[in-house]
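Just so we're clear, the structure is a prediction, and the values are computed from it rather than from any experiment. FYI, the numbering just counts along the sequence from 1.
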Amino acid sequence: MNENMELRHLRYFVAVADAGSVTVAAARKLHTSQPSLSRQIRYLEDEVGAQLLTRGARGIELTPAGRAFLDQARSVLSQVEAATDAARGIAHPAKPRFVMGFLTDHELTWMPEAFRILREELPNIDVTISSQYSPALANALLKGTVDAAFLRRERGFPELAFRLLIKEALFVFLPSDHRLAALKAIRAADLVDEAFVTVSHTAAPVLRRVIDNYLKRCGIRITPTHEIDHAFVGTKRSNFRQSALALIASTRGVGPLPAYAQDFLTPSVTSRPLKGDAPTIELMLGYKKSNRSTILKLLLSRLEELVARVSKTTK
């Protein structure tokens, strides 16, 4: 490139060629005046030693020399952009990124300690959080949009691996002034004649299976009065726990939920343990088997420590 020619002259020429008009390129692309841009183009032509543009009734047209010059100008600008990006990448390397998914309502319990463990060894990583329902988290792991997730052991995902974190007992949640609230513990048979609130098969399939298997094991058949699904819950303002507790309070129904929901009880709703061999539900750390993230490897190596830290804070 001629030593008197500058990159800005190439950018001006490309902008005019793309716009097909000096006036349009000046006003809309380069934000300069038309006379000034015309002078820059004439200067460029003088430096090249050939006419690059002709002005006709239908605007600017490239000469044969102009078409040849345009291809090379684009190539030069592209190479300069690539070189700039490469230099900036070396001078200011991007932070390693890691996306963690949390089953809705489990963020407060697991996120702080998970963050501490990761940043103790990798203080400069960029951690992004995604809170969703368990089936959605499993799909996100499969697609690679989430690296690790705190979720249920969802079926139908052979590409995923699951590591057990904890097992939570299910409790019966019911209105505080309900007749069964007078009991210290509730039998499955006590639920038969009550309005029964549960989650749907599609919204929380693992939890629904645990509940159904428990009732079957007890020899009890109950047709749910109300089921909580995605349509009932909505999108951003509500979740299963909020919807379940609100539905229990408003319908005077009863329903089994994992123990963590006790942290969100309101004065109008209480909980009681189930008598005998109460059902439990597992919370897992899930990840895609093919994920080779070093951050994921670190998290997996300190999983027992994470569980111990969380157990200490929740006692």
Side-chain angles (χ1 to χ4, degrees), residues 93-168 199-210 228-231 233-243 258 260-261 263-264 281-310 313-314:
K95 290 183 179 180
R97 186 169 179 267
F98 191 72
V99 182
M100 279 200 295
F102 289 88
L103 181 61
T104 305
D105 283 333
H106 288 70
E107 305 93 323
L108 290 177
T109 302
W110 294 91
M111 188 192 306
E113 296 303 330
F115 265 50
R116 287 190 187 97
I117 283 176
L118 291 179
R119 290 197 163 131
E120 280 172 2
E121 294 192 32
L122 302 169
N124 294 319
I125 62 173
D126 183 8
V127 181
T128 303
I129 299 304
S130 174
S131 296
Q132 302 181 61
Y133 305 125
S134 188
L137 287 172
N139 278 304
L141 288 171
L142 186 63
K143 293 176 183 177
T145 55
V146 169
D147 292 297
F150 296 73
L151 75 170
R152 307 302 182 196
R153 189 193 296 269
E154 299 293 341
R155 290 180 177 177
F157 293 90
E159 302 89 347
L160 304 185
F162 296 92
R163 296 271 297 272
L164 177 65
L165 296 171
I166 57 167
K167 292 183 178 181
E168 281 190 286
V199 295
S200 71
H201 290 287
T202 55
V206 177
L207 178 57
R208 179 59 183 266
R209 270 196 308 273
V210 169
I228 306 164
D229 58 21
H230 293 303
V233 172
T235 53
K236 295 182 179 179
R237 294 187 177 182
S238 184
N239 54 44
F240 283 126
R241 180 263 308 166
Q242 291 174 330
S243 300
Y260 80 86
D263 295 335
F264 305 98
I281 188 166
E282 297 175 331
L283 182 67
M284 318 294 294
L285 182 83
Y287 57 96
K288 195 172 184 179
K289 295 174 183 176
S290 60
N291 190 331
R292 296 292 178 261
S293 165
T294 56
I295 305 173
L296 173 61
K297 186 177 180 180
L298 168 63
L299 182 62
L300 293 175
S301 71
R302 299 181 63 178
L303 214 53
E304 289 185 8
E305 179 185 347
L306 172 61
V307 174
R309 286 188 180 191
V310 169
T313 60
T314 54

Q.
Can you confirm whether Tyr287 sits close enough to Leu300 that some side-chain heavy atom of one is under 4.5 Å from a side-chain heavy atom of the other?
A.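 The answer is yes; the side chains approach within 4.5 Å.
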Q) Is Tyr133 close to Leu151 at the side-chain level, that is, under 4.5 Å between some pair of heavy atoms? A)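 A side-chain contact is absent here, since even the closest heavy-atom pair is not under 4.5 Å.
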**Q.** Listed partners of Thr145 passing side-chain hydrogen bond (donor to acceptor under 3.5 Å, both in side chains), at least two apart
**A.** none
Q) For Arg119, which residues count as a side-chain hydrogen bond (donor to acceptor under 3.5 Å, both in side chains) partner, sequence neighbours excluded? A) none
Q.
Main chain of Val199, side chain of Arg208: is a donor-acceptor contact present, judged purely on distance under 3.5 Å?
A. yes
The criterion is side-chain contact (heavy atoms from CB on, under 4.5 Å); which residues satisfy it with [X], sequence neighbours excluded?
{"X": "Leu298", "result": "Leu118, Glu121, Leu122, Ser301, Arg302"}
{"X": "Pro258", "result": "Arg152, Glu168, Leu207, Tyr260, Ile281"}
{"X": "Ser293", "result": "Phe98, Asn291, Ile295, Leu296"}
{"X": "Ala114", "result": "Met100, Phe150, Leu306"}

Q) Taking only residues at least two apart or on different chains, which pairs with a member in residues 282-301 satisfy salt bridge (Lys or Arg N to Asp or Glu O under 4.0 Å)? A)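 Checked against salt bridge (Lys or Arg N to Asp or Glu O under 4.0 Å) - neighbours excluded - the pairs reaching residues 282-301 are Arg153-Glu282.
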Q. Is there any side-chain hydrogen bond (donor to acceptor under 3.5 Å, both in side chains) pair reaching into residues 108-118, and which pairs are they, with sequence neighbours excluded?
A.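 side-chain hydrogen bond (donor to acceptor under 3.5 Å, both in side chains) check on residues 108-118 returns Glu113-Arg116.
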Q. Yes or no on side-chain contact (heavy atoms from CB on, under 4.5 Å) for Asp263 and Asp105, after CA distance, side-chain angles and deciding distance?
A. CA-CA 10 Å; Asp263 295 335; Asp105 283 333; over 6 Å; no
Q: Mind checking the NE2-CG spacing from His106 to Leu165? Nearest 0.5 Å is all I need.
A: 9.5 Å
